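Input: a single structure, listed below in C-alpha coordinates.
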Amino acid sequence: WLTYIEAQAMLGDINTAEKLSSKILAEDKDIRAGLCELWKRIQLQVDEESESGTRASQLLSDFRCAR
(Lines give C-alpha, C1' and ligand atoms only; values in the text may rest on other atoms or scores of the structure.)
Protein backbone atom coordinates (compact mmCIF):
# COMPACT_ATOMS: atom_id res chain seq x y z
CA TRP A 1 0.00 0.00 0.00
CA LEU A 2 2.74 2.45 0.81
CA THR A 3 4.15 2.48 -2.73
CA TYR A 4 0.68 3.00 -4.19
CA ILE A 5 -0.10 5.82 -1.76
CA GLU A 6 3.17 7.56 -2.57
CA ALA A 7 2.55 7.21 -6.31
CA GLN A 8 -0.90 8.74 -5.99
CA ALA A 9 0.46 11.68 -4.02
CA MET A 10 3.28 12.27 -6.52
CA LEU A 11 0.81 12.12 -9.41
CA GLY A 12 -1.20 14.85 -7.72
CA ASP A 13 -4.05 12.73 -6.36
CA ILE A 14 -3.51 13.77 -2.77
CA ASN A 15 -7.15 12.97 -1.89
CA THR A 16 -6.74 9.29 -2.72
CA ALA A 17 -3.38 9.12 -0.94
CA GLU A 18 -4.84 10.74 2.15
CA LYS A 19 -7.96 8.54 2.25
CA LEU A 20 -5.98 5.32 1.76
CA SER A 21 -3.50 6.33 4.46
CA SER A 22 -6.27 6.96 6.97
CA LYS A 23 -8.05 3.74 6.03
CA ILE A 24 -5.04 1.46 6.39
CA LEU A 25 -3.99 3.14 9.63
CA ALA A 26 -7.47 2.52 11.05
CA GLU A 27 -7.15 -1.16 10.08
CA ASP A 28 -3.54 -1.69 11.18
CA LYS A 29 -1.95 0.57 13.81
CA ASP A 30 1.44 -1.11 13.21
CA ILE A 31 1.69 0.66 9.84
CA ARG A 32 2.03 4.09 11.52
CA ALA A 33 5.84 4.22 11.26
CA GLY A 34 5.75 3.40 7.56
CA LEU A 35 3.06 6.00 6.89
CA CYS A 36 5.00 8.60 8.83
CA GLU A 37 8.13 8.02 6.77
CA LEU A 38 6.09 8.03 3.58
CA TRP A 39 4.41 11.37 4.34
CA LYS A 40 7.71 12.90 5.40
CA ARG A 41 9.10 11.96 1.94
CA ILE A 42 6.02 13.36 0.24
CA GLN A 43 6.31 16.57 2.23
CA LEU A 44 9.92 16.99 1.07
CA GLN A 45 8.96 16.49 -2.58
CA VAL A 46 6.03 18.91 -2.81
CA ASP A 47 5.89 22.68 -2.46
CA GLU A 48 5.47 23.39 1.24
CA GLU A 49 3.02 26.20 0.49
CA SER A 50 0.87 24.08 -1.85
CA GLU A 51 -2.30 22.24 -0.87
CA SER A 52 -0.34 18.97 -1.00
CA GLY A 53 2.31 20.37 1.33
CA THR A 54 -0.28 21.65 3.77
CA ARG A 55 -2.16 18.36 3.76
CA ALA A 56 1.06 16.36 4.21
CA SER A 57 1.88 18.47 7.27
CA GLN A 58 -1.62 17.97 8.63
CA LEU A 59 -1.44 14.19 8.16
CA LEU A 60 1.91 14.04 9.92
CA SER A 61 0.27 15.80 12.84
CA ASP A 62 -2.90 13.67 12.70
CA PHE A 63 -0.88 10.46 12.62
CA ARG A 64 1.25 11.74 15.54
CA CYS A 65 4.49 11.37 13.63
CA ALA A 66 7.67 12.52 15.35
CA ARG A 67 9.44 15.28 13.45
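Bear in mind that the values here come from a model prediction, so they are computed numbers and not experimental data.
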Sequence neighbours excluded, which residues qualify as side chain to side chain donor-acceptor pair (under 3.5 Å) partners of D62?
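Scan of D62 (side chain to side chain donor-acceptor pair (under 3.5 Å), adjacent residues dropped) gives Q58.
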Please identify each residue that fulfils side chain to side chain donor-acceptor pair (under 3.5 Å) with T16, with sequence neighbours left out.
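Scan of T16 (side chain to side chain donor-acceptor pair (under 3.5 Å), adjacent residues dropped) gives D13.
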Please round to the nearest 0.5 Å and tell me the distance separating atom [atom1] of [X] and atom [atom2] of [Y].
X: L35; Y: I42; atom1: CG; atom2: CD1; value: 9.0 Å
X: I14; Y: M10; atom1: CD1; atom2: CE; value: 6.5 Å
X: K40; Y: Q43; atom1: NZ; atom2: CD; value: 9.5 Å
X: L59; Y: W39; atom1: CG; atom2: CH2; value: 5.0 Å

Kindly write out the residues that satisfy salt bridge (Lys or Arg N to Asp or Glu O under 4.0 Å) with [X], not counting sequence neighbours, or none if the list is empty.
X: E27; result: K23
X: R32; result: none
X: E48; result: none

Are [X] and [Y] packed together at the side-chain level, in the sense that at least one heavy-atom pair is separated by less than 4.5 angstrom?
X: S22; Y: F63; result: yes
X: I24; Y: I5; result: yes
X: Q45; Y: E6; result: yes

E51: what forms a side-chain contact (heavy atoms from CB on, under 4.5 Å) with it, not counting sequence neighbours?
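Once residues adjacent in sequence are excluded, the partners of E51 under the side-chain contact (heavy atoms from CB on, under 4.5 Å) criterion are R55.
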Please confirm whether the backbone N or O of D47 pairs with a side-chain atom of S50, one donor and one acceptor, at under 3.5 Å?
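Pair found, side chain donor or acceptor close to backbone of D47.
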